Structure formats: structure tokens, C-alpha cells
There are 2 protein chains.
Amino acid sequence: MTEGSYKQFCPVAMASEVLCSRWTMIVVRELVCGSTRFNDLKRGVPRMSPALLSKRLKDLELAGVVQRVAGGGKGGGYEYRLTPAGRELEPIVKAIGFWGQRWVETAPTLQNVDPELLMWDMRRSVNVAALPRQRTVVQFTYTDRPEKKRSYWLIVEANGTVDVCSIDPGFEVDLYVSTDLRTLTAIWLGLTTIHAETENDRLTVVGDTALERTMSNWLGLSSFAAERKLAPA
Amino acid sequence: MTEGSYKQFCPVAMASEVLCSRWTMIVVRELVCGSTRFNDLKRGVPRMSPALLSKRLKDLELAGVVQRVAGGGKGGGYEYRLTPAGRELEPIVKAIGFWGQRWVETAPTLQNVDPELLMWDMRRSVNVAALPRQRTVVQFTYTDRPEKKRSYWLIVEANGTVDVCSIDPGFEVDLYVSTDLRTLTAIWLGLTTIHAETENDRLTVVGDTALERTMSNWLGLSSFAAERKLAPA
DNA sequence: CGGGATCCAGTTCGATACTG
DNA sequence: CAGTATCGAACTGGATCCCG
């Protein structure tokens with residue numbers, strides 16, 4: 001990718017031609033995390049133009065990392081499924097993430113907050129097993145966002161499916177979480193904790209008491225949250 | 001690194017901004033393999049312009065992956081040394097290389113042969129311990145190359161330092177290896193063996209009998225050579 | 001929903017030459 | 001040895017519109 005390759009026979013270079021062009025690793029992360037539909041992938045990389053996403057997917061298909069198959073079930077369309085080669089990228093994505101968690105400075109990271117993206121990521125990490133076996137609705141309100149983009153709803157259905165939306169779905173809300181976007185992002189990244197930020201009053205949680213007490217169980221964090229940050233401040 | 005970042009707080013994205021711009025991973029590979037001087041790095045990435053190499057090194061310094069220090073010992077200049085963060089990239093580089101070895105098709109790989117680069121890589125992988133404790137000179141002749149770029153000399157000094165040159169150093173040659181460039185590259189990559197290619201008559205070795213017999217011991221291969229290729233033909 | 005096509009501005013890259 | 005300087009060519013990516 002990026003025609004005009006490195007012209008090196010070394011396996012690192014050959015693989016880098018496939019994996020290390022702009023956006024590619026992020027798309028692979030989305031695939032590894034389980035997204036298969038174009039529009040789902042797009043939600044995971046909102047700053048990437050659809051044209052470019054399409055091109056990258058084609059490149060990955062050519063490289064044997066994904067397979068484009070007619071979408072099962074709903075509405076036609078296509079699915080992008082990882083091939084065996086693609087599945088073997090998971091450890092690489094993880095290793096890169098761990099390295100980032102350990103060594104990339106956090107300050108610039110926390111410039112890149114985005115409520116839609118955070119909700120989308122949280123949706124994936126919710127620990128459904130830690131929630132009651134009935135529909136649970138949590139409303140997140142980002143106090144520092146403009147009126148229109150302030151609230152999001154996390155809906156966990158009784159059957160375990162998790163949805164996110166940015167318009168009030170009308171269901172009764174079980175728990176209200178209110179904070180600023182950077183605080184919740186920092187929590188999700190493991191840079192601080194629900195407990196600490198509650199003490200701080202930067203995070204307020206009201207509603208169902210059981211849900212409130214178990215929040216650190218059902219609110220899954222980034223898969224890299226456990227790793228200690230080592231980058232110099 | 002490609003200004004205009006991904007604007008994602010995910011650690012994979014943050015790390016990819018540092019690592020996944022064009023050429024960067026290859027430069028990191030060179031650093032991990034032990035090169036520290038600008039010109040040594042340049043030999044490892046001959047198709048990269050010095051201007052771009054310089055920029056990438058600056059970016060890596062800014063990211064905390066390398067440290068630029070006044071060169072010790074000889075002639076001044078600078079050295080680029082991996083920081084602790086940089087050293088932790090080694091498993092990532094290895095993982096990428098293994099993946100490339102397993103899953104990237106070999107046909108295009110073998111288009112990218114380059115005698116200087118192969119010699120430079122072989123220099124790093126020579127198993128000095130398997131050679132006699134005295135100066136050993138091996139002449140490689142690539143029968144398919146134009147007269148001027150046909151022969152290279154691998155010189156292992158008694159003290160264990162390994163050098164490569166493309167002009168006859170004048171020393172007595174202990175072993176003559178004659179083959180085409182693709183064959184030796186394929187051997188180095190583990191796609192075939194010295195034995196098989198000798199049987200084939202694509203590889204001819206003459207000279208010191210002991211050196212000849214032990215060639216597969218002292219001629220180190222790519223660090224990924226052991227991994228089986230799985231990519232579909 | 002799931003993309004493809006087009007356009008254009010901005011960047012980046014590579015080649016070569018050159019310097020302290 | 002260790003890079004800069006320069007310049008044209010190539011590529012990228014965002015926006016927008018379109019289509020089935």
C-alpha cells in the first residue's frame with residue numbers, strides 16, 4: 001500500500017507494507033474487535049473518509065487479511081470477515097495497544113475525546129453478565145458538551161445485546177451518569193477510577209443503587225486499561 | 001507523523017501514530033537489530049531518502065523511542081539509541097516479521113532482491129562462533145548481476161567483527177559462493193535450503209572443505225527463517 | 001444501508017545535489 | 001560522517017454527490 005513499496009525482502013518490511021499504511025492498523029483493530037459491516041467499521045473510525053475505508057478494505061482483502069462475503073441475514077450488503085491470516089493479527093494489535101498504553105503520553109491522548117466513539121467503544125466492553133437479566137438503560141450526560149450532543153443512552157437488552165444511541169429512546173432510565181467527557185475517557189483508559197472521580201465530584205451517578213454500586217463491574221474498560229502508564233509526564 | 005492524527009484516544013491508535021507511518025517500522029527494525037549510526041541505518045533502508053530518514057528519526061526521538069547522543073569513540077557524529085520504550089518495540093517488530101513470514105506471499109517478495117541489502121543483512125546474522133578463530137573471507141558472486149555489481153566479500157576477522165564490501169579487499173579468499181541473487185535470498189529467508197539448491201546446481205560452493213561443509217552453520221539466516229510459510233500460492 | 005465516483009487542496013515522497 | 005535544500009510528482013484524505 002502506498003504503491004511504490006519498500007522494495008525489501010525482509011518479512012518485517014513485507015508485513016509493514018500490508019499493515020502500516022495510514023489508518024490500516026486502526027481498521028484492523030476494529031475487525032479484530034468484531035465489527036464486520038461497513039457502517040459498523042465506519043463508526044469505529046469516524047474521522048476516516050468512507051472512500052478511504054473502502055480502499056483500505058480492498059487492500060486488506062487483496063492481502064488476504066479479510067474476506068468480503070455477502071452479508072447474512074439482514075438487508076444484504078456485505079460482511080468483512082477476518083481470514084486465518086487476519087485472525088493472527090490479534091496479538092500484534094494487542095501488543096501495539098499495550099505499548100501505546102505504557103509509553104504514549106496521555107496528555108495528547110486526552111485531547112482526542114469524542115463522545116460517540118467512547119460510547120461505541122464502551123458498548124463493546126460492557127460486562128453483560130454483571131447486569132440484571134432484564135433491560136437496563138443507562139444515561140450518560142457529558143456536562144461539557146453542547147446541548148445537542150450531551151446525552152447518550154446505553155441499552156442492554158434482556159438477551160444481552162448492547163446498543164447505544166444519541167437520541168432518547170424513551171425507555172425508563174435505570175441509572176444516570178453525569179460527568180465531563182475527559183473524565184469518563186480517562187476512566188475508560190484506566191488512567192483513573194470511578195471511585196476516585198466520584199470522590200472528586202467529577203463523576204456523579206444516581207439511580208438504581210445496585211447498578212450504582214456495581215458500576216465498576218459492569219462498565220468494562222479498555223482492554224489495555226490494566227497496563228501501567230510509564231511514559232514520562 | 002503524518003500530521004493530522006487519527007484523533008482517537010485508543011492506545012492502538014496512539015501507538016500507530018508513532019509507529020505506522022511510511023518507513024517507520026523498517027527504521028525501528030534496524031534500530032532493534034542494533035544499528036545506531038545514521039549511515040548504518042541508511043544502509044538498512046537504501047530506498048529511503050536521507051531527508052526522510054532524518055525526519056523519521058526526529059519523530060521517533062520526539063516520541064521517546066530513540067535518544068540522539070553524541071557518538072562515542074570514532075569521529076564524532078551521533079548515535080541513535082533505543083530508549084526503554086524503544087526496546088519494548090522488539091517483540092512487536094518480531095511479531096510483525098513472523099506474521100509476514102507466515103502470511104505474505106513470497107513471489108512479490110522475491111522481486112525485491114538487492115545484493116547490497118542481502119549482504120548487509122547476512123553480515124548481521126553470521127554465526128561467528130561456527131567459524132575458525134582467524135580471518136575468514138568468503139566471496140559471493142551473483143551470476144545474474146552485471147559485471148560491476150557481481151561480487152561481494154564477507155570478511156570475518158579473528159576478533160569476530162564482520163564486514164562486507166563490494167570491492168575486492170585483496171585478502172586471500174577461503175570460500176567462493178556462486179549463485180543467483182534470488183536463490184541466495186530465498187535461502188536466507190528460509191524458503192529453501194543450501195542443500196537443496198546445491199543439488200539443483202543453482203548454488204555452487206568451492207574452497208576450504210571445512211567451511212563448505214559447515215556453511216549451513218555459519219551462514220546465519222533471517223531471524224524469521226524458521227517459520228513456515230502459510231500464505232496461499 | 002452499503003458503498004462507488006469525482007474533485008481538489010494539502011502533504012509527503014523520492015531524487016539529486018549540496019554543505020558543515 | 002551526518003545530515004539539509006530543493007523541487008516536481010505522487011499520493012492522501014475530506015467533502016460531496018450519486019447509485020442500487
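The model shown is predicted, which means the values in this text are computed figures rather than measured ones.
Taking atom CG of A:Leu57 as the reference point, atom C1' of C:dG4 lies 13 Å away to the nearest angstrom. Atom OH of A:Tyr6 and atom P of C:dC13 are 9 Å apart (whole Å). Between the CZ atom of A:Arg56 and the P atom of D:dC11 there is a distance of 12 Å, rounded to whole Å. Between B:Arg47 atom CZ and C:dG14 atom C1' there is a gap of 9 Å when expressed in whole angstrom units. Atom-to-atom, CD of B:Glu79 to C1' of D:dC1 comes out at 13 Å; the value is rounded to the nearest Å. Put simply, CG on A:Leu41 is 9 Å from P on C:dG3, counting in whole angstrom units. When the P atom of D:dT4 is taken as reference, atom CG of B:Asn39 falls 13 Å away, rounded to whole Å. Between the CG atom of B:Leu52 and the P atom of D:dT4 there is a distance of 12 Å, given to the nearest Å.
Comparing atom distances between the A:Ser49 side chain and each of D:dG3, D:dG13, D:dA5 picks out D:dG13 as nearest.
Side-chain N/O atoms of A:Arg37 include one lying less than 4.0 angstrom from OP1 or OP2 on C:dG2. Under 4.0 angstrom from either OP1 or OP2 of D:dT12 there lies no side-chain N or O belonging to A:Trp23. Look at B:Lys58 and you'll find a side-chain N or O under 4.0 angstrom from OP1 or OP2 of D:dT4. Neither OP1 nor OP2 of D:dC11 sits under 4.0 Å from any side-chain N or O of B:Arg22. The phosphate of D:dC1 (OP1 or OP2) has no side-chain N or O of B:Tyr80 nearer than 4.0 angstrom.
Scanning all heavy atoms of the two residues, the minimum distance from B:Ser125 to B:Leu221 falls at CB-O, 3.6 Å.
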Could you give me the CA-CA distance, side-chain angles and deciding distance for B:Leu191 and B:Leu110, then say whether side chain to side chain contact (heavy atoms under 4.5 Å, CB included) is met?
CA-CA 10 Å; B:Leu191 304 175; B:Leu110 288 177; 4.1 Å; yes

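A salt bridge links A:Arg124 with A:Glu30: the closest approach of a Lys/Arg side-chain nitrogen to an acidic carboxylate oxygen falls below 4.0 angstrom. Between A:Glu79 and A:Arg68 there is no salt bridge, since none of the side-chain N atoms of the basic residue sits less than 4.0 Å from a carboxylate O of the acidic one.
Along DNA chain D, the nucleotide nearest B:Lys42 and the nucleotide nearest A:Pro50 are compared for position; the residue whose nucleotide lies closer to the 5' end is B:Lys42.
Using a 4.0 Å heavy-atom distance criterion, B:Ser54 is classed as a sugar-phosphate-only contact.
The only option from A:Trp188, A:Phe98, A:Trp99 that meets the ring pair (Phe, Tyr, Trp, His ring centres under 6.0 Å) definition with A:Phe224 turns out to be A:Phe98.
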